[in-house]
Colleague: 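Take a look at this one; I'll ask things after.
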Amino acid sequence: MAFEPQTRLDGKVAVIAGGTGAIGLATAHRLAALGAACVLLHRGDGAAAAELAAGLPGTQAHGAVRADIVDSASLKAAAEQVARQWQRCDILVNSAGFTKAVPAADLDALDDELIDRLMQANFRGVFATIRAFAPLLKASGDGLIANVSSIAGFTGVGSNLAYVAAKAGLDVVGDALAKALAPAVRVVSVSPGAVESSFVPGRGAEFNTKTAATTPLGRVGQPDDVAATIEALATTLRFVTGTRIVVDGGRHL
């Protein structure tokens with residue numbers, strides 16, 4: 001039966017955009033432990049990314065490929081490299097992005113240039129990554145696209161209003177793509193709340209402590225909380241597409 005639950009990912013290839021970031025790398029470790037070969041898409045230091053890929057579990061042919069999600073030509077080249085070197089892509093995790101804390105009431109601080117950068121990184125770049133890898137995912141016949149979104153996309157509360165808009169757009173377009181790419185490819189948004197990482201500049205231990213105090217489950221998220229959800233989508237939650245899974249400890253309530 002198509003998309004029946006499974007416990008292993010042997011023979012599958014997972015491409016993780018933002019693969020050297022906290023959530024992306026945590027996801028790579030989980031998928032690799034189940035047998036998937038993981039390709040870390042990154043835009044940073046190639047040697048450092050290769051070292052992170054080499055440290056993933058298992059004996060699979062993991063690797064790192066340089067690509068910038070706001071540069072469609074580099075994404076096309078990355079997809080071509082994956083096709084040559086790994087011959088397939090079964091799972092695409094979109095965890096790359098960028099943000100900056102701007103109070104919602106500070107309209108002047110959210111200027112046109114910053115809005116454009118935020119939309120490029122958090123919406124256009126994700127769509128462009130999907131566009132580049134869609135042929136490989138469709139050829140798999142058992143594809144999964146996991147878009148790391150945010151509860152900001154439906155609460156209207158986030159690091160800034162352009163980020164909120166980008167994530168809301170990503171969720172809606174993800175639902176549309178779930179229908180357009182079915183039945184060969186599933187598309188799901190994974191929506192964390194606050195996650196302990198360096199993603200939002202300027203937010204550290206003090207922010208996390210305050211946020212944990214007003215979160216029903218009493219803590220902020222960890223990268224592995226999000227990674228565990230993506231692992232479940234790839235293995236046991238395989239009759240799921242065109243929706244969001246919230247991973248926030250009840251933060252949105």
Side-chain angles (χ1 to χ4, degrees), residues 9 12-72 74-99 120-122 125-134 136-137 140 143-150 170 187-190 192 195-200 221-235 247:
L9 297 172
K12 293 186 179 294
V13 174
V15 173
I16 303 168
T20 60
I23 291 174
L25 190 58
T27 302
H29 273 273
R30 280 189 169 266
L31 300 183
L34 296 180
C38 292
V39 183
L40 308 182
L41 293 191
H42 69 97
R43 62 173 186 169
D45 180 82
E51 185 176 353
L52 290 174
L56 295 174
T59 59
Q60 305 88 289
H62 305 305
V65 173
R66 185 174 176 81
D68 188 339
I69 64 170
V70 302
D71 179 357
S72 292
S74 76
L75 289 169
K76 182 179 178 182
E80 290 171 350
Q81 182 176 343
V82 169
R84 288 194 308 269
Q85 194 167 343
W86 285 272
Q87 290 80 52
R88 60 189 299 144
C89 173
D90 306 277
I91 300 167
L92 174 64
V93 179
N94 286 305
S95 62
F98 152 77
T99 195
Q120 284 179 350
N122 298 294
V126 177
F127 183 82
T129 306
I130 294 171
R131 183 174 58 205
F133 284 91
L136 287 172
L137 290 160
S140 164
L144 167 66
I145 298 170
N147 293 324
V148 178
S149 184
S150 170
L170 179 61
V187 185
V188 183
S189 290
V190 177
V195 174
E196 188 172 347
S197 73
S198 60
F199 180 66
V200 183
Q222 298 296 315
D224 194 57
D225 292 318
V226 186
T229 305
I230 296 171
E231 176 192 320
L233 287 169
T235 55
V247 190

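Keep in mind that the numbers below use all heavy atoms, side chains included, and drop hydrogens, waters and symmetry copies.
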Colleague: Side chains of S72 and R131: any donor to acceptor distance under 3.5 Å?
Modeller: yes
Colleague: Could you give the distance from CG (L31) to CD (Q60), rounded to the nearest 0.5 Å?
Modeller: 10.5 Å
Colleague: Can a donor-acceptor pair be found between the side chains of S140 and D90 at a distance below 3.5 Å?
Modeller: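 Present: a donor and an acceptor within the cut-off.
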Colleague: Does S149 use its side chain to pair, donor to acceptor, with the backbone of V190 at less than 3.5 Å?
Modeller: no
Colleague: Which distance, rounded to the nearest 0.5 Å, do you find between the CG of N94 and the CD1 of I230?
Modeller: 9.5 Å
Colleague: Side chain to side chain contact (heavy atoms under 4.5 Å, CB included), that's the test. Do N147 and I130 meet it? Break it down for me.
Modeller: CA-CA 10 Å; N147 293 324; I130 294 171; 3.8 Å; yes
Colleague: In Å, rounded to the nearest 0.5 Å, how long is the span from CD of E231 to CG of D224?
Modeller: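 If I round to the nearest 0.5 Å, the distance is 8.5 Å.
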Colleague: List the steps and the verdict of side chain to side chain contact (heavy atoms under 4.5 Å, CB included) for T27 and V226.
Modeller: CA-CA 8 Å; T27 302; V226 186; 5.6 Å; no
Colleague: I need the minimum non-hydrogen distance between I145 and L137, along with the two atoms involved.
Modeller: CG1-CD1, 3.7 Å
Colleague: Tell me the closest heavy-atom pair linking A17 and S95, and the distance in Å.
Modeller: O-OG, 2.6 Å
Colleague: More than 12 foreign heavy atoms under 6.0 Å from CZ of R43: is that the case here?
Modeller: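 Atom CZ in R43 is not packed in, count stays at 12 or less.
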Colleague: Quick check against the 3.5 Å criterion: does R66 have a side-chain atom that pairs as donor or acceptor with the backbone of G44?
Modeller: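 Checking the backbone N and O of G44 against the side chain of R66, a donor-acceptor pair under 3.5 Å is found.
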Colleague: Do other residues, nucleotides or ligands put more than 12 heavy atoms under 6.0 Å from the CD atom of E80?
Modeller: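 Above 12, so yes.
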Colleague: Is N122 close to L170 at the side-chain level, that is, under 4.5 Å between some pair of heavy atoms?
Modeller: no
Colleague: When you look at L56 and L25, which way does the side chain to side chain contact (heavy atoms under 4.5 Å, CB included) test go after all the steps?
Modeller: CA-CA 9 Å; L56 295 174; L25 190 58; 4.3 Å; yes
Colleague: Do V195 and Q222 have side-chain heavy atoms sitting under 4.5 Å apart?
Modeller: no
Colleague: Between I91 and A234, what is the shortest heavy-atom contact and its length?
Modeller: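 Closest approach of I91 to A234, heavy atoms only: CD1-CB, 4.0 Å.
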Colleague: Answer yes or no: is there a side-chain heavy-atom contact under 4.5 Å between L40 and H62?
Modeller: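 Not touching, per the 4.5 Å side-chain cut-off.
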Colleague: Can you name the closest pair of heavy atoms from A121 and F98 and give their distance?
Modeller: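 Heavy-atom minimum between the residues: CB-CB, 3.9 Å.
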Colleague: To check you understand the geometry: which heavy-atom pair defines the closest contact between A132 and A79, and what is its length?
Modeller: O-CB, 3.5 Å
Colleague: Are F133 and L41 close enough, and set up right, to give a side chain to side chain contact (heavy atoms under 4.5 Å, CB included), and what steps lead you there?
Modeller: CA-CA 12 Å; F133 284 91; L41 293 191; 3.9 Å; yes
Colleague: Are L136 and W86 close enough that some pair of their side-chain heavy atoms sits under 4.5 Å apart?
Modeller: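 The answer is no, as the side chains (C-beta and beyond) never meet within the 4.5 Å cut-off.
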Colleague: Starting at CG of L34, measure out to NZ of K12 and round the result to the nearest 0.5 Å.
Modeller: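 The CG atom of L34 sits 12.0 Å away from the NZ atom of K12.
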Colleague: Roughly how far, to the nearest 0.5 Å, is the CG atom of D71 from the NZ atom of K76?
Modeller: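 K76 NZ to D71 CG: 12.0 Å, rounded to 0.5 Å.
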Colleague: For a quick test of reading the model, state the closest non-hydrogen atom pair linking A37 to A61 and the distance between them.
Modeller: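 Here A37 and A61 meet closest at CB-O, 4.1 Å.
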